[in-house]
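For reference, the structure discussed in these notes is given below.
Just so you know, ligand 1 is whichever comes first in the structure, and atom 1 is the first atom listed for that ligand.
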Amino acid sequence: MTTLQCGRFRLDLTRPRVMAIVNLTPDSFSGDGVGDDLSAALTRAEAAVEAGADLLDIGAESTRPGSDPVPEEVEIARIVPVVKALLPWQVPISVDTLKPAVMRAALDAGADLINDVNGFRAPGALEAVREGDAALCVMHMQGEPRTMQANPVYADVVGEVADFLAARVDALCAAGVDRARLVLDPGFGFGKTLQYNLALFRGIERLTATGLPVLAGLSRKSMLGAITGRPVDRRLGASVAAALLAVQHGARIVRVHDVADTVDALKVLAAVQTG
Ligand SMILES: Nc1nc2ncc(COP(=O)(O)OP(=O)(O)O)nc2c(=O)[nH]1
């Protein structure tokens, strides 16, 4: 699949795309959240677009390990004004939520992609997204953010994640969703130890073999801290390296905090690969 139906857009995935993280949270793991500050959110989004972001991922609830859920009305109040303010920019807008009511509100506001770390498993999620053209990012998570890192265990992490995502794709297609709208994501750090994350990294090809595009979210994550010993605010090099390697393993979208550096690295990769 070399194009993704993404709401108002058809995203050409013959080259890797950069999804910029715009967190409307006070407590995101990387400390980059802008909370309820609409102006700060738009400033963050504008900088990301100027730096070359292909999509914007708007999130209003932290899903870091140990985080508690945010009431859906709070998520909606944070997200909808930002989506509406971004519509004129003509940049695909993704909304990162696992709540069906927030999905509906985001789609009604004009969002082009729904990014669900819970793989559209919440009751009502399939119904919330089956109509329309918005892209749907289906991510694997074992457990829930509050407890997922307590003791994740797999017999075959790549096989189990691949099987989970295949089952979610089947459920979405059975609900009437066109495969051309779907993106797969192994969910790095979502109920995985470092070793499981590294196995999934090497196993990205199992997901790309489905023919569906794969999104990789590695930016600043604790797995990179475990490898480098760097604190969360010193993981730029590791994050850019991880994005490059994910693309070389077949990922077509990388979800990042540091847009300009990632865009530059992908330009170097493209130049070397294509001469
Ligand atoms: N599809 C997808 N969505 C995601 N959403 C949030 C985070 C966690 O990162 P971040 O949003 O920076 O932190 P927080 O959830 O604490 O706001 N990671 C992913 C990911 O890997 N894939």
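- With respect to atom 13 (O) of ligand 1, the closest heavy atom belonging to the protein is F29 CD2, 3.1 Å.
- For atom 22 (N) of ligand 1, the closest heavy atom belonging to the protein is D185 OD2, 2.6 Å.
- Not a single N or O atom of T25, backbone or side chain, sits closer than 3.5 Å to an N or O atom of ligand 1.
- Side-chain polar atoms of R10 and T3 form a donor-acceptor pair below 3.5 angstrom.
- Of all protein heavy atoms, the one closest to atom 5 (N) of ligand 1 is D96 OD2, 2.8 Å.
- Using the six-membered ring where Trp is involved, Y154 and H140 have ring planes that are tilted, between 30° and 60° apart.
- Residue contacts with ligand 1, taken as heavy atom pairs separated by less than 4.0 Å, involve T63 via backbone and side-chain atoms alike.
- Judged purely by distance below 3.5 Å, without hydrogens or angles, the side chains of T25 and N23 never pair a donor atom with an acceptor atom.
- The shortest separation from a heavy atom of H257 to ligand 1 is under 4.0 Å, placing the residue in contact.
- Of the protein's heavy atoms, S28 OG, 2.5 Å lies nearest to atom 17 (O) of ligand 1.
- Taking 4.5 Å as the limit, every side-chain heavy atom of V169 sits out of range of all side-chain heavy atoms of T210.
- When non-hydrogen atoms are compared, ligand 1 lies under 4.0 Å from the side chain of V117 (C-beta onward) but not from its backbone.
- Nearest protein neighbour of atom 16 (O) of ligand 1, counting heavy atoms only, is S62 OG, 2.7 Å.
- Using a 4.0 Å cut-off between charged side-chain N and carboxylate O, R15 and D54 make a salt bridge.
- Between H249 and F201, the gap from one ring centroid to the other is short of 6.0 Å.
- Proximity of K221 to F190: side-chain heavy atoms (C-beta onward) are separated by under 4.5 Å at one or more points.
- Heavy-atom contacts of K221 reach the following atoms of ligand 1: 18 (N), 19 (C), 20 (C), 21 (O) (cutoff under 4.0 Å).
- Residues R255 and D96 are paired through a salt bridge, judged by an N-O separation under 4.0 Å between the basic side chain and the carboxylate.
- Which parts of ligand 1 touch G217 is read off a 4.0 Å heavy-atom cut-off, strictly below it: atoms 21 (O).
- Below 3.5 Å of separation, one finds no N or O of D57 facing any N or O of ligand 1.
- The N/O atoms of N115, backbone and side chain alike, include one that comes under 3.5 Å of an N/O atom in ligand 1.
- At a 4.0 Å heavy-atom cut-off, ligand 1 touches R64 through backbone and side chain alike.
- Using a 4.0 Å cutoff on heavy atoms, C137 counts as a contact of ligand 1.
- At a threshold of 4.5 Å between non-hydrogen side-chain atoms, the residues E61 and P69 count as touching.
- Atom CD of E131 has 12 or fewer heavy atoms from other residues, nucleotides or ligands within 6.0 Å.
- Between R235 and D258 there is no salt bridge, since none of the side-chain N atoms of the basic residue sits less than 4.0 Å from a carboxylate O of the acidic one.
- Considering backbone and side-chain atoms alike, R255 places an N or O below 3.5 Å from some N or O of ligand 1.
- Residue contacts with ligand 1 for R220 are absent, since no atom lies close enough (heavy atoms, distance under 4.0 Å).
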